[in-house]
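Just so we're on the same page: letters track the sequence lines, and every chain starts at 1.
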Number of protein chains: 2
Amino acid sequence: MTLTEENYLKALHRLSQNGESISVKRIAALLDIKMPTVNSMVKNLSEKKLIKYEKYKSIELTEKGRKQALLILRKHRLTELFLKDVMGLGWEEVHDIAEQIEHLQSDLFFNRVDEMLGYPKFDPHGEPIPDSHGRLPQLKATPLSLCQSGKKYQLSGVLNNDASFLTYLNSVDLQLGSQIEITAIQEFDKSMAVKLNGKIKTIFSALICQNLLVL
Amino acid sequence: MTLTEENYLKALHRLSQNGESISVKRIAALLDIKMPTVNSMVKNLSEKKLIKYEKYKSIELTEKGRKQALLILRKHRLTELFLKDVMGLGWEEVHDIAEQIEHLQSDLFFNRVDEMLGYPKFDPHGEPIPDSHGRLPQLKATPLSLCQSGKKYQLSGVLNNDASFLTYLNSVDLQLGSQIEITAIQEFDKSMAVKLNGKIKTIFSALICQNLLVL
DNA sequence: TATAAATGTTAGACTAGTCTAACATTTTTT
DNA sequence: AAAAAATGTTAGACTAGTCTAACATTTATA
């Protein structure tokens with residue numbers, strides 16, 4: 001598979017995640033590529049049995065295509081974790097580098113990365129890491145916004161990668177694995193009073209809660 | 001620069017290393033690409049002022065081209081060291097992976113690699129690692145195994161950190177900066193008769209010579 | 001030095017991935 | 001249900017990098 005095909009597969013997978021059906025227009029928008037270009041790539045991927053495609057109908061990944069996408073995702077997420085935990089880069093810095101490293105062809109390299117990380121199941125953004133056969137772990141992290149008052153959770157990821165958000169998390173010393181205890185939930189605006197790592201007390205707005213994944 | 005252009009520059013630099021002049025034929029052979037293809041790329045690189053080229057004449061890197069090549073070489077050699085020393089891969093395994101990683105665009109990544117390795121000046125073969133401006137350290141450390149009989153050298157590094165090797169060096173009172181004079185080279189097994197610090201006379205096996213870097 | 005061999009160059013074709021302009025179909029609105 | 005808007009498709013062009021076949025120049029050799 002070419003680098004370009006891999007990027008299309010990743011996009012296809014991402015679009016298939018949020019339930020809605022996949023259209024040429026949405027792929028084009030996501031990849032910032034014109035529709036006719038997407039159209040021809042869609043035909044190409046269809047010939048390779050990576051997607052199911054009929055003119056004017058919506059597009060779906062085949063099992064084969066989905067597996068390929070998950071294998072790329074695996075490399076991406078392992079890389080992000082490696083850059084952060086082994087190399088000490090910041091959350092906000094790792095994505096762009098991982099976008100490049102995910103295309104490396106070397107089982108040896110990624111297996112060693114996996115090993116050095118202790119075979120992790122989630123990446124720094126809380127996304128599950130597919131195994132080497134392209135299968136996903138069953139466990140799923142929950143947004144803090146759906147959690148209950150009076151309980152304790154562990155931060156397992158974030159749903160937003162904006163630098164401003166990540167900077168905020170750093171400012172309250174919140175990292176993967178940090179403990180979050182919900183002491184109260186404000187009914188009116190769904191903001192939460194929380195205690196972080198048993199120490200810092202603060203308020204999370206609803207927007208923040210929606211973007212924190214916990215276990 | 002494209003990945004392909006980078007590979008041509010690397011090849012050009014490598015060919016320029018061994019003194020002989022650079023021909024289309026030699027580039028083609030090294031990259032396993034047909035001569036007409038090389039010919040057109042040579043024109044392209046010439047337009048970009050990375051090489052000096054006139055029809056039927058031999059090819060030379062410009063200063064600009066040489067600098068670019070050295071920056072890629074820097075990334076390659078840092079990566080090899082990283083894969084070996086940080087990730088624990090074998091020396092024979094790292095080259096192919098480094099060939100891919102050297103094309104990553106991320107100063108952040110390579111600066112961190114450099115930092116984690118302690119800003120090394122030489123790779124384990126004694127090859128110099130260009131700095132981030134594409135400049136070479138002035139002096140080139142050479143494995144003792146490549147040195148000449150009858151000359152004097154200074155120990156500038158070792159390529160092996162096994163306790164047994166370092167203990168041996170201590171036992172003959174050899175330290176960084178110590179003088180090594182080669183008095184004879186045994187042709188059969190490449191072992192060397194040496195005089196250390198003008199005093200101790202002993203024999204270094206070929207293996208020892210390969211692991212001592214001198215200036 | 002004339003000819004043969006080696007090397008270099010040009011011309012033209014092909015693929016992957018991109019584009020714009022024009023046309024087709026489906027979906028939404030009136 | 002007709003018209004308008006949105007979306008999808010086709011046709012054809014362009015670039016980078018590759019190739020083969022044919023031609024040109026330089027170098028080596030008889």
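For the residue pair B:Phe82 and B:Leu117, the shortest heavy atom distance occurs at N-CD1, 3.9 Å. Between B:Thr62 and B:Lys52 the shortest heavy-atom distance is CG2-N, 3.9 Å. Taking all atoms of both residues into account, the shortest heavy-atom contact from B:Ala206 to B:Asp189 is CB-O, 3.5 Å. Looking at every heavy atom in both residues, A:Pro130 comes nearest to A:Leu70 through CG-O, 3.3 Å.
In this structure, A:Lys57 reaches neither bases nor backbone, as no heavy-atom distance under 4.0 Å exists between it and the strands shown.
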Listing time: all N or O pairs from protein to nucleotides 16-21 of chain D that are below 3.5 Å?
residue, atom, partner, partner atom, Å
D:dG17, OP1, B:Thr2, OG1, 2.5
D:dT18, OP2, B:Tyr8, OH, 3.3
D:dC19, OP2, B:Lys34, N, 3.0
D:dC19, OP2, B:Thr37, OG1, 2.8

Can you check nucleotides 25-27 of chain D for protein contacts, nitrogen or oxygen pairs under 3.5 Å, and list what you find?
residue, atom, partner, partner atom, Å
D:dT25, O4', B:Tyr56, OH, 3.3

Donor-acceptor pairs are to be reported for all side-chain atoms of residues 148-159 of chain B against protein atoms at under 3.5 Å, with residues two or more places apart or in another chain.
residue, atom, partner, partner atom, Å
B:Gln148, OE1, B:Lys151, NZ, 3.0
B:Tyr153, OH, B:Gln148, N, 3.1
B:Gln154, NE2, B:Gly177, O, 3.3
B:Ser156, OG, B:Leu213, O, 3.3

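When each of B:Leu212, B:Asn211, B:Ile208 is paired with B:Asn160, the side-chain contact (heavy atoms from CB on, under 4.5 Å) condition holds for B:Asn211 and for no other. Screening B:Ile33, B:Leu50, B:Ile51, B:Asn44 against B:Tyr8 for a side-chain contact (heavy atoms from CB on, under 4.5 Å) leaves a single residue, B:Ile33.
Side-chain contact annotation: A:Asp162 with A:Ser164, donor-acceptor N/O pair under 3.5 Å absent.
The CD atom of A:Glu47 sits 13 Å away from the P atom of C:dT15 (whole-angstrom rounding).
Within the 4.0 Å cut-off from OP1 or OP2 of C:dG8, not a single side-chain nitrogen or oxygen of B:Asn39 is found.
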